[in-house]
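This structure is a prediction, so every number in the text was calculated from the model and none was measured.
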Amino acid sequence: MNAPTLAARRPPWVVFTASNDPWVTAETAALQKQSGIPFRLDGRELLQPASLFRAFARELSFLGYFGHNWDALVDCLHDWHGPGHGNRDVAVLIDDADDLLGAEFLGLFVSVLCQAAWAANFQLDADGIPYEDRPPFALHFVLLLDHTPPAAFAEETASGAGVEVALTDGRLTATFTGEDFQSRASPTARPRPCVHAVEGEPSHGQGLSRKG
């Protein structure tokens, strides 16, 4: 697995690390140097799906039709309409993420973040052809831990559909795996507005089971 970065369009997509890790400061500075945008969320707001969806919608300025469910979160992250409208790279830093270790949906959450990041970084349609109206942009997620070692999240994170984890330099990283990963298009398949199904429930397969 590649060394993690916030300033390039490559995996890993999700990083768990200590809140005082110098890597976070260095990579955030590199992102901002190329006009990228770091967003910060409070992990204490993300302990239930409903509050998690509200926090992402508020901090990333999702449009009003955001459907407040997992599929919609994937869509609104990779087809982001915030400042720069897809022309600026994005990193989402989640402070106080320790308590997410007890969230029963942690594996699903990381899988959703990986799906969104993969789609944003490549922007391919179902035939593997780049969207003409969707320029790819770097999208990564960092979960910042104050007192929990990143390794403690490994088992639950790896339970997410299509998620592969690795421990390197004290950080836990997550990306997608699967024999068809390189040949598959975006996990959300085709353009669609980010409104779907029932709040809190993924509509395309149990636990977003497709790999991408």
Side-chain angles (χ1 to χ4, degrees), residues 1-43 45-46 52-63 66 72-97 100 109-125 130-146 150 157 163 165-166 168-176 185-188 191 194 212:
M1 187 177 291
N2 295 320
T5 180
L6 303 181
R9 290 191 291 111
R10 61 174 173 80
W13 310 126
V14 179
V15 179
F16 293 79
T17 192
S19 58
N20 61 354
D21 185 349
W23 171 86
V24 178
T25 302
E27 285 296 320
T28 302
L31 176 71
Q32 292 176 304
K33 186 175 181 180
Q34 60 189 40
S35 299
I37 310 173
F39 291 94
R40 300 197 84 106
L41 275 68
D42 186 340
E45 289 189 78
L46 311 184
L52 183 153
F53 300 139
R54 287 194 298 269
F56 270 87
R58 181 187 69 241
E59 298 301 328
L60 276 75
S61 303
F62 288 171
L63 298 181
F66 171 55
L73 184 59
V74 172
D75 290 347
C76 282
L77 284 169
H78 84 81
D79 189 21
W80 184 59
H81 286 72
H85 189 50
N87 294 313
R88 299 171 70 181
D89 298 330
V90 172
V92 178
L93 281 64
I94 301 175
D95 295 299
D96 298 304
L100 281 166
F109 179 43
V110 174
S111 179
V112 162
L113 297 182
C114 285
Q115 288 190 53
W118 191 89
N121 279 270
F122 296 108
Q123 296 290 10
L124 304 177
D125 68 16
Y131 290 122
E132 293 183 0
D133 59 345
R134 290 191 192 180
F137 63 97
L139 175 63
H140 299 87
F141 303 89
V142 182
L143 286 81
L144 299 168
L145 308 172
D146 292 323
T157 297
V163 175
V165 302
T168 307
D169 298 327
R171 306 179 191 104
L172 178 70
T173 59
T175 188
F176 269 110
S186 162
T188 51
C194 48

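- Under the 30°/60° scheme for interplanar angles, the aromatic rings of Phe56 and Phe109 are found to stand perpendicular.
- Of all non-hydrogen atoms in Leu139 and Ala116, the two that sit nearest each other are CD2-O, 3.8 Å.
- Under the salt bridge (Lys or Arg N to Asp or Glu O under 4.0 Å) criterion, Asp169 pairs with no residue at all, not counting sequence neighbours.
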Practice item. Report the C-alpha distance between Leu41 and Leu60 in whole Å, list the side-chain angles of each, state the deciding distance to 0.1 Å, and finish with yes or no for side chain to side chain contact (heavy atoms under 4.5 Å, CB included). Key: CA-CA 9 Å; Leu41 275 68; Leu60 276 75; 3.9 Å; yes
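- Contact check for Leu52 versus Leu73: side-chain heavy atoms found under the 4.5 Å cut-off.
- The shortest distance between side-chain heavy atoms of Gln115 and Phe176 falls below 4.5 Å.
- Counting heavy atoms from C-beta outward, Asn121 and Trp13 have side chains that approach closer than 4.5 Å.
- Across every non-hydrogen atom of Val163 and Ser111, the tightest pair is CG2-CA, 3.7 Å.
- Side-chain atoms of Asp89 do not come within 3.5 Å of backbone N or O of Gly36 as any donor-acceptor pair.
- Across all their heavy atoms, Pro12 and Ala174 have their closest contact at CB-O, 3.6 Å.
- Arg10 is linked by a salt bridge (Lys or Arg N to Asp or Glu O under 4.0 Å) to nothing, counting only residues two or more places apart in sequence or in another chain.
- The side-chain heavy atoms of Val14 and Cys114, taken from C-beta on, include a pair separated by under 4.5 Å.
- Sorted by first and then second residue, the salt bridge (Lys or Arg N to Asp or Glu O under 4.0 Å) pairs involving residues 19-40 (not counting sequence neighbours) are Asp21-Arg171, Arg40-Asp95.
- Without hydrogens or angle criteria, Trp23 side chain to Pro4 main chain gives a donor-acceptor distance under 3.5 Å.
- By the side-chain hydrogen bond (donor to acceptor under 3.5 Å, both in side chains) test, Gln32 pairs with no residue at all, sequence neighbours left out.
- Note that CZ of Phe53 is 10.5 Å distant from CG of Leu46, once rounded to the nearest 0.5 Å.
- Remark: Arg58 engages Glu45 in a side-chain hydrogen bond (donor to acceptor under 3.5 Å, both in side chains) (not counting sequence neighbours).
- Leu77 has its side chain within reach of Leu113: a pair of non-hydrogen atoms, C-beta onward, lies under 4.5 Å apart.
- Note that the CG atom of Leu145 and the CG atom of Asn20 stand 10.5 Å from one another [nearest 0.5 Å].
- Take Phe62 and apply the ring pair (Phe, Tyr, Trp, His ring centres under 6.0 Å) test, not counting sequence neighbours, and it matches Phe66.
- Taking 4.5 Å as the limit, every side-chain heavy atom of Ile94 sits out of range of all side-chain heavy atoms of Leu144.
- For the residue pair Pro150 and Ala18, the shortest heavy atom distance occurs at CG-N, 4.5 Å.
- Pairing each heavy atom of Phe137 with each of His78, the nearest pair is CE2-O, 3.5 Å.
- How far CZ of Phe39 is from CZ of Phe141: 11.0 Å, rounded to the nearest 0.5 Å.
- Rounded to the nearest 0.5 Å, atoms CZ (Arg9) and NE2 (His140) are 10.0 Å apart.
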